[in-house]
Amino acid sequence: MQFPESWLREFCNPPLTTQELADTLTMAGLEVEELEPVAPPFTKIVVGEIKAAEQHPNADRLRVCQVDVGGPELLTIVCGAPNARVGIRVPCATVGAELPPGEDGKPFLIKIGKLRGVESFGMLCSARELKLSEDHGGLMELPLDAPLGQNIREYLNLDDTLLTLKLTPNLAHCLSVYGVAREVAALTGAPLKPQSFTPAAVGVQDRLAVKIEAPDLCGRFSGRVVRNVNTQAKTPQWMVDRLARCGQRSVAPLVDISNYVMFELGRPSHIFDLDKIHGGLQVRWGKEGEQLKLLNGNTVTVDGQVGVIADEREVESLAGIMGGDATAVSDDTRHIYIEAAFWWPKSIAGRSRRYNFSTDAGHRFERGVDPELTVEHIERITELVLQICGTPETVCGPIDDQQANMPQPKPVTLRVARAAKVIGMPLTQQQCHDALAGLGLPVEQGDGVLTVTPPSFRFDINIEEDLIEEVARMVGYENLPTTKPLAPIAPKLRAENRRSQFAVRRALADLGYQETINFSFVEAAWEKDLAGNANPIQLLNPIASQLSVMRSSLIGSLMQVLKFNADRKAERVRVFELGRVFLKDDSVVDSDTTVKGFYQPMRVAGLAWGAGEQLQWGRAEAKVDFYDVKGDVEALLAPRKPVFEPAEHPAMHPGRCARVLLDGQSIGFIGELHPQWRQQWDLAQAPVLFELELDAVLAREVPVFKPVAKHQAVERDIAVVVNEKATHAQLMQAVEAAQTGGLLRSVVLFDVFRPKALKAGETAAPGALAQDEKSLAVRLTLGNDDSSLTDVQIEKAVQAVLEQLQQRLGARLRA
């Protein structure tokens, strides 16, 4: 909410500076988000009147003006504004004046100048030059009764400050200048100007028939007929200025009056063109299929969940939100109907969002507007209507006030001891009483308790904690003592065989990946294409139409990041994410950390695309491939050794995808993106991706320390011939299964040999490898902690390895 400080001080003027006032409000829970001066600094700019305006002798677009600024002589000023003419009063910068700073931050100094041979002793200003608005169509024209020679800052009240409050939903009573003034009076002890409403003289007994058909929608409806008003009158400048400083532009006098009272007293109201109402009004819930054209030009369709005001023919307005175009006042309006009502907050809440717009009225009604003052506020509106739009023929009818379902306040009890415990400082009963009474709350004292009956303008006081908050606000949050917690704290230590999520992030960052954080809700197409999930978890109220389902895989999120970067000409992308995925699982039950029917595991996924290495002179550029990312996964899981086996995944290339196994359990997949999806995402090359269960990645082996071997290890190389289909994993399993008596320290495959393809008519040499065979060279490292190995022990271990290779793979020693 935004309003000028000067308006607030009309109701309550404490002896505080602007900054002190802002700090006081902030520390009471009414956060002052911004303080902004109404106008930038400038000096020696006064009200002047153009007495003569002649064509410049040497320029078609310039005029030589004689300007009266209240001094003994007229000033000669050369001006190029299109509206420079005799008789208007405008801001005039005299010699020595300083205009607001320009783009360089320095003020513009007015000096005696010569324009096309004619001396100019000042400058006539537009609103844009004074930085009062963006209007630069000509000089800023002032009312003809503006005092000549008066400082423009004083005349326009420019030495003022705009306060912008960031109010929480429970502070609906502060959505008006008077409501904020009531808070200031309670906080500072400064007197609050009492509200006074002078009843208008009733000159005609005309009434408009109104029927409240839905008491659960409207609790009170008040209205008055006013005849023979002048809707073509001009809104006074003081009202235009105040509305502008509240962020509201001037529209027409009757609309401006309604808006002014809303900002002043917090009362949204509506003024109908009486002649456009057919019969009486019905206040009811809408009917299915009814349509209404609103004041903003939109046509909406209502149903039984939306409140309306209707006449005998059609719907006229959305209750508590916006009026309809059919009964809007215009320049031709002569008779009006002023309406002020109490709408139940629950009947207004959320209705405007159904139509994708919000209004100041709806914002206030859905939080709660005082139901007791509808009549008084109509008197205030009537007073302004008579003052601005009144004519000698204007007459007012009596106020028709219907109370169908008024709120009944329920007393709330505050225990002083409880308040002191929650707030965290000693409080007396008198302190609590004074804090609540200062806010205008009726308080009854008991033995250690206070009972408050919430006034009609406080919809937020329902339980004891609400009163405790009011006491804390009045004490001032800055005055609450700082108390250290006394509760015993037992640190939750992580098991030694687990590592932290941060350690996983750091490991991937060390491998050159950058972390991304993405929404947990994604496009349904991603789930179908990349996760093979045809029945994802649907969102009831997605923040965007395309983000309609919960993700069951992190791959789609990473692909979106890649696409974003590739579209911006990134040449190398390596990203990862630790995040939660969401799967349907009927076996999951409700608990502190789970939701019935939904399994929500954490996963870690990565993507590599583009060059395998950063550009450098020492290596030839090569594209990232499966084995680059496979090495990254092995490094991430080290020292545990994963096993990779061929597999299929909806997002990955059928022949370039592997399942990742750890201790025989599948923990995820790694592979190249499927060509179909690469083409659909318009990528020049296929990225390589992996996705792993985070719990498996977090698990680690507890280090076991061993002494450095005292005896030198022995290496033996063997080359065996196996079938082409034999895999590296099978080879390692066979070697490690050999009974070597604990002598085998490590095994490494260091060479693979395949025979050349035979040409037509050629025969293989005797003893040569067959076309479906390959030779694998393995280096065995053997050692003993107790003694040096003998030739017999070495030979026995080698033979044990060869026997296992022959049994498992049908291998033979290469000649």
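Residues: numbered from 1 along the sequence shown. It should be emphasised that the depicted structure is a prediction, and the values quoted were computed from it without experimental measurement.
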Tell me whether Asp567 is salt-bridged to Lys563, with the criterion being a basic N under 4.0 Å from an acidic carboxylate O. yes
Does any donor atom in the side chain of Ser548 or Glu523 lie under 3.5 Å from an acceptor atom in the other side chain? no
For atom CD of Gln546, is the number of surrounding heavy atoms from other residues, nucleotides or ligands below 6.0 Å larger than 12? yes
Can a salt bridge be assigned to the pair Glu634 and Lys630 using a cut-off of 4.0 Å between side-chain N and carboxylate O? yes
How are the rings of Trp681 and Trp526 set relative to one another: parallel (under 30°), tilted (30 to 60°) or perpendicular (over 60°)? tilted
Looking at Thr781, Leu782, Leu780, which one forms a side chain to side chain contact (heavy atoms under 4.5 Å, CB included) with Arg745? Thr781
Residue Glu515 excluded, over 12 heavy atoms near CD under 6.0 Å: yes
Give a yes or no on whether Lys528 atom NZ has more than 12 heavy-atom contacts from other residues, nucleotides or ligands under 6.0 Å away. no
Dump the intermediate steps for side chain to side chain contact (heavy atoms under 4.5 Å, CB included) on Phe669 and Val660, then the final yes or no. CA-CA 5 Å; Phe669 291 86; Val660 184; 5.8 Å; no
Nearest heavy-atom approach of Ser552 to Ala531 is OG-CB, 3.7 Å
Would you call the rings of Phe521 and Phe519 parallel, tilted or perpendicular if under 30° counts as parallel and over 60° as perpendicular? parallel
Taking CD in Gln807 as the centre, count heavy atoms belonging to other residues, nucleotides or ligands within less than 6.0 Å. Is the count above 12? yes
The reported gap from CZ in Arg473 to CE in Met27 (rounded to nearest 0.5 angstrom) is 12.5 Å
Can a salt bridge be assigned to the pair Arg505 and Glu577 using a cut-off of 4.0 Å between side-chain N and carboxylate O? no
Output yes when Asp460 and Arg367 qualify as a salt bridge under the 4.0 Å nitrogen-oxygen rule, no when they do not. no
Which heavy atom of Met652 sits nearest a heavy atom of Cys657, and at what distance? SD-SG, 3.6 Å
NZ/NE/NH1/NH2 to OD/OE distance under 4.0 Å, Glu527 and Arg551: no
Hey, mind stepping through Glu465 and Arg418 against salt bridge (Lys or Arg N to Asp or Glu O under 4.0 Å) and telling me if it holds? CA-CA 9 Å; Glu465 281 71 15; Arg418 169 68 175 165; 3.5 Å; yes
Do Arg574's NZ or CZ and the ring of Tyr513 fall within the cation-pi criteria of under 6.0 Å and 45°? yes
Name all residues meeting the salt bridge (Lys or Arg N to Asp or Glu O under 4.0 Å) criterion together with Glu693; count only those two or more places apart in sequence or in a different chain, and write none if there are none. Arg603
Can you tell me how far apart CG (Asp786) and CG (Leu789) are? Round to the nearest 0.5 Å. 10.5 Å
Between Arg568 and Phe564, is NZ or CZ placed under 6.0 angstrom from the six-membered ring centre and within 45° of the ring axis? yes
Less than 4.0 Å between a side-chain N and a carboxylate O, is that true for Arg498 and Asp695? yes
Taking everything shown except Ile517 itself, do over 12 heavy atoms lie less than 6.0 Å from its CD1? no
Crowding at CD, Glu724 (>12 non-hydrogen neighbours, <6.0 Å): yes
Is it the case that Arg656 places NZ or CZ above or below the six-membered ring of Phe626, under 6.0 angstrom from the centre and within 45 degrees of the axis? no
Distance, nearest 0.5 Å, that separates NE2 of His674 from CD of Gln679: 11.0 Å
Give a yes or no on whether Gln514 atom CD has more than 12 heavy-atom contacts from other residues, nucleotides or ligands under 6.0 Å away. no
Is Glu496 atom CD crowded by more than 12 heavy atoms from other residues, nucleotides or ligands, each under 6.0 Å away? no
Ser788 side, atom OG; Gln793 side, atom CD - distance, nearest 0.5 Å: 9.5 Å
